[in-house]
S.K.: 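This is the structure I want to talk about, given as structure tokens.
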Amino acid sequence: MGVLKNVEMVEETTTTTGTANLVLTGAVVGRRTFAAALSAGDYIMFRLASDDGNYYVIGRGQFMADGTLRRLGAERLWYFNGTAWVNMNSAFYSLPAGTK
């Protein structure tokens with residue numbers, strides 16, 4: 001894997017499900033897109049959170065020429081079990097439906 005890039009003020013939404021590359025659907029108001037901050041082939045760490053606040057995933061990704069974010073290697077999943085945050089590792093967390 002190449003050098004990880006550190007970018008700021010980048011935040012996009014996705015409705016990707018399963019374990020596929022993240023299809024990015026646009027910047028959150030006041031933030032910029034991955035395409036504005038990265039070049040194809042760049043590697044980053046990312047945090048993906050559900051809109052309902054019930055889980056988030058931390059992982060490594062590669063920004064692809066088609067504008068998607070390819071998920072790489074093991075990811076760290078945190079989910080809320082109703083009482084506390086639980087941390088677990090997964091090869092790739094299978095994303096449920098909904099905006100993230």
Side-chain angles (χ1 to χ4, degrees):
M1 185 175 83
V3 175
L4 289 172
K5 288 194 83 172
N6 183 19
V7 296
E8 296 180 4
M9 303 300 289
V10 173
E11 188 174 1
E12 287 198 64
T13 57
T14 184
T15 55
T16 301
T17 59
T19 59
N21 289 358
L22 300 176
V23 176
L24 306 168
T25 55
V28 172
V29 175
R31 305 294 185 176
R32 60 188 177 144
T33 64
F34 282 90
L38 299 170
S39 299
D42 285 345
Y43 294 93
I44 63 164
M45 296 293 296
F46 68 86
R47 179 179 174 271
L48 183 144
S50 63
D51 268 358
D52 62 12
N54 286 330
Y55 69 88
Y56 67 94
V57 175
I58 298 172
R60 292 175 295 140
Q62 182 181 27
F63 188 68
M64 306 303 289
D66 64 2
T68 62
L69 187 62
R70 184 173 77 138
R71 298 160 69 183
L72 302 170
E75 296 174 336
R76 184 167 299 269
L77 166 67
W78 292 80
Y79 68 93
F80 191 70
N81 68 8
T83 305
W85 285 96
V86 177
N87 176 7
M88 61 185 289
N89 292 319
S90 63
F92 283 108
Y93 178 61
S94 184
L95 299 170
T99 301
K100 297 149 255 332

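Remember, predicted model here, so these are calculated numbers, not experimental data.
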S.K.: Ignoring hydrogens and geometry, is there a side-chain-to-backbone donor-acceptor pair from Thr25 to Thr13 under 3.5 Å?
M.R.: yes
S.K.: According to a hydrophobic-cluster definition based on side-chain heavy atoms being under 4.5 Å apart (Ile, Leu, Val, Met, Phe, Trp, Tyr only), do Leu69 and Val28 belong together?
M.R.: no
S.K.: Under the salt bridge (charged side-chain N to carboxylate O under 4.0 Å, His left out) definition, can you give me all pairs with a residue in residues 21-50, not counting sequence neighbours?
M.R.: Lys5-Asp42, Glu11-Arg31
S.K.: What is the distance from atom CZ of Phe80 to atom CG of Asp52, rounded to the nearest 0.5 Å?
M.R.: 11.5 Å
S.K.: Return the minimal non-hydrogen interatomic distance between Gly18 and Arg71, and the atom names on each side.
M.R.: O-NH1, 3.2 Å
S.K.: How long is the span from the CZ atom in Phe34 to the CE atom in Met64, to the nearest 0.5 Å?
M.R.: 14.0 Å
S.K.: Quick one, Trp85 with Tyr56, criterion side-chain contact (heavy atoms from CB on, under 4.5 Å). Give me CA distance, side-chain angles, the key distance, then yes/no.
M.R.: CA-CA 10 Å; Trp85 285 96; Tyr56 67 94; 3.8 Å; yes
S.K.: How many angstroms lie between CG in Asn87 and OH in Tyr79, if you round to the nearest 0.5 Å?
M.R.: 9.5 Å
S.K.: Measure across Val7 and Leu38 and return the closest heavy-atom pair with its distance rounded to 0.1 Å.
M.R.: CG1-CD2, 3.7 Å
S.K.: For Gln62 and Leu72, indicate whether the former's side chain and the latter's backbone hold a donor-acceptor pair under 3.5 Å.
M.R.: no
S.K.: Quick one: CE on Met45 to CD1 on Ile58, what's the gap to the nearest 0.5 Å?
M.R.: 7.0 Å
S.K.: Rounded to the nearest 0.5 Å, what separates atom CZ in Arg60 from atom CZ in Phe46?
M.R.: 9.5 Å
S.K.: Let me check something: do Ile44 and Leu24 share a hydrophobic cluster, defined by ILVMFWY side-chain heavy atoms less than 4.5 Å apart, either directly or through other members?
M.R.: yes
S.K.: For the rings on Tyr55 and Tyr93, is their centre-to-centre separation under 6.0 Å?
M.R.: yes
S.K.: Has Thr16 got a side-chain atom pairing as donor or acceptor with Val23's backbone, closer than 3.5 angstrom?
M.R.: yes
